[in-house]
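A, B, ... follow the sequence lines: proteins, then strands. Residue 1 opens every chain. Computed from a predicted model, the values in this text were never measured in an experiment.
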Protein chains: 2
Amino acid sequence: MKIGELAKRSGLSAHTIRYYERIGLLPVADRDAGGRRDYDADILVWIAFLHRLKTTGMPIRDMRRYADLRAKGDHTAPARQQLLRAHRENVRAHIADLQAALLVLDTKIDTYVAAEKRTQNHDDRDARNPAGARTARLGRD
Amino acid sequence: MKIGELAKRSGLSAHTIRYYERIGLLPVADRDAGGRRDYDADILVWIAFLHRLKTTGMPIRDMRRYADLRAKGDHTAPARQQLLRAHRENVRAHIADLQAALLVLDTKIDTYVAAEKRTQNHDDRDARNPAGARTARLGRD
DNA sequence: CCTTGACTTAGAGCATGCTCGAACCCCTAG
DNA sequence: CTAGGGGTTCGAGCATGCTCTAAGTCAAGG
């Protein structure tokens, strides 16, 4: 498979694929007779895994470390495992953080909904004071 | 409160506080007699909220939009609510993504653990073939 | 044979979000 | 009154992760 097809299949651009090779995330590709990169289909599995790591916030330097270990052979398995364990903990912590934020957002949205209702009632019964003090809290945050 | 103290209390650096003011995330601060920024304590609440938005992945341009709406007064409340709803959905989606990734990581880590055990047994019973084919899969990803 | 289009390289440029340096000002305590 | 430790502005610089340009090579179809 040439770089253009790999780009289509992996979702990366050809530019990005070359970039990833340059920085050591992808193995140096084999070349065909004309000197073009020629990929084996299983590179897609590795790219998908890299994508997972990326979307879960692993910086490229850590992905490189993992890739380097992988390239060094089986005896680096414990180190790779350790890397993944550390990353898993980061992801866990991140999820916890996001869940806490979700509560805050929900509360805040509820506040807006409640204020909306108050304004509604207010307008219904007292249209002469549409910017009344009872809704002034909305401007605070 | 002067900028140095706000920096300590908010966790932002004074540099960052000025930067946030410049780009419109923080309101233009009042000045004291000597022309220095003088803050009211409740700016901390706003900064904490910004921090939430930031750690949940909202780009600065969206935070600015929210800040701008806030500055325009109560009638922008529906727009702000809408912004937060959209953000909440992003956060939800992000959480789902991370949870899926967590499963992948757990599976992968388990694979390493299992391979380790196999190597262990193998070494115990057949120390002449420590790099045997049964663990070669480890180099694949 | 010649055009077309995908490929090659090195290196510049961009978007985001800070982070820092330089040069200067001003208040307070010793 | 003078040194120190804030503060001020403007603008450059940095880290990350791409993204694109320029100039050129190469293979295949009309």
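- Within 4.0 Å of B:I3, counting heavy atoms only, lie sugar-phosphate atoms of the nucleic acid but no base atom.
- Under 4.0 angstrom from either OP1 or OP2 of D:dC18 there lies at least one side-chain N or O belonging to A:Y20.
- Spacing between atom CZ of B:R22 and atom P of C:dT19 amounts to 13 Å, rounded to whole angstrom units.
- Taking atom OH of B:Y19 as the reference point, atom C1' of C:dG21 lies 18 Å away to the nearest angstrom.
- OP1 or OP2 of C:dT9 lies within a sub-4.0 Å distance of a side-chain N or O belonging to A:R31.
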message: Could you go through B:K8 and B:E5, starting from their C-alpha distance and side-chain angles, then the distance that decides it, and tell me whether this counts as salt bridge (charged side-chain N to carboxylate O under 4.0 Å, His left out)?
response: CA-CA 5 Å; B:K8 258 171 229 149; B:E5 202 194 334; over 6 Å; no

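- The closest side-chain heavy-atom distance from A:L25 to A:R64 is below 4.5 Å.
- Put simply, the side chain of B:D38 gets close to the backbone of B:M1: a donor and an acceptor are under 3.5 Å apart.
- Proximity of a side-chain donor or acceptor of A:S13 to a complementary backbone N or O of A:T16 within less than 3.5 Å is detected.
- Dashed line: the shortest gap from a side-chain N or O of A:R61 to OP1 or OP2 of D:dT16 is under 4.0 Å.
- If you measure from atom CG of B:L12 to atom P of C:dG17, you get 14 Å, rounded to the nearest angstrom.
- Look at NZ on A:K8: it is 13 Å from P on C:dG5, rounded to the nearest Å.
- Relative to the side chain of B:P59, the nucleotides C:dC18, C:dG17, D:dC18 differ in distance, and C:dG17 lies closest.
- Put simply, CG on B:D62 is 9 Å from P on C:dG17, counting in whole angstrom units.
- Residue A:Y112 is tested with B:R85, B:Q81, B:Q82 for a side-chain contact (heavy atoms from CB on, under 4.5 Å); the sole match is B:Q81.
- Between the CZ atom of B:R37 and the P atom of C:dC27 there is a distance of 16 Å, given to the nearest Å.
- Of the two residues near DNA chain D, A:G34 and A:L25, the one whose nearest nucleotide lies more 5' is A:L25.
- For A:K2 and D:dA28, the NZ to C1' distance is 10 Å, given to the nearest whole Å.
- Nucleotide C:dT9 holds its P atom 15 Å from the CD1 atom of A:I23, rounded to whole Å.
- Nearest-nucleotide mapping onto DNA chain D: of A:S13 and A:A33, the residue sitting toward the 5' end is A:S13.
- With DNA chain C read from its 5' end, the first of the two nearest nucleotides for B:M63 and B:R36 is the one closest to B:M63.
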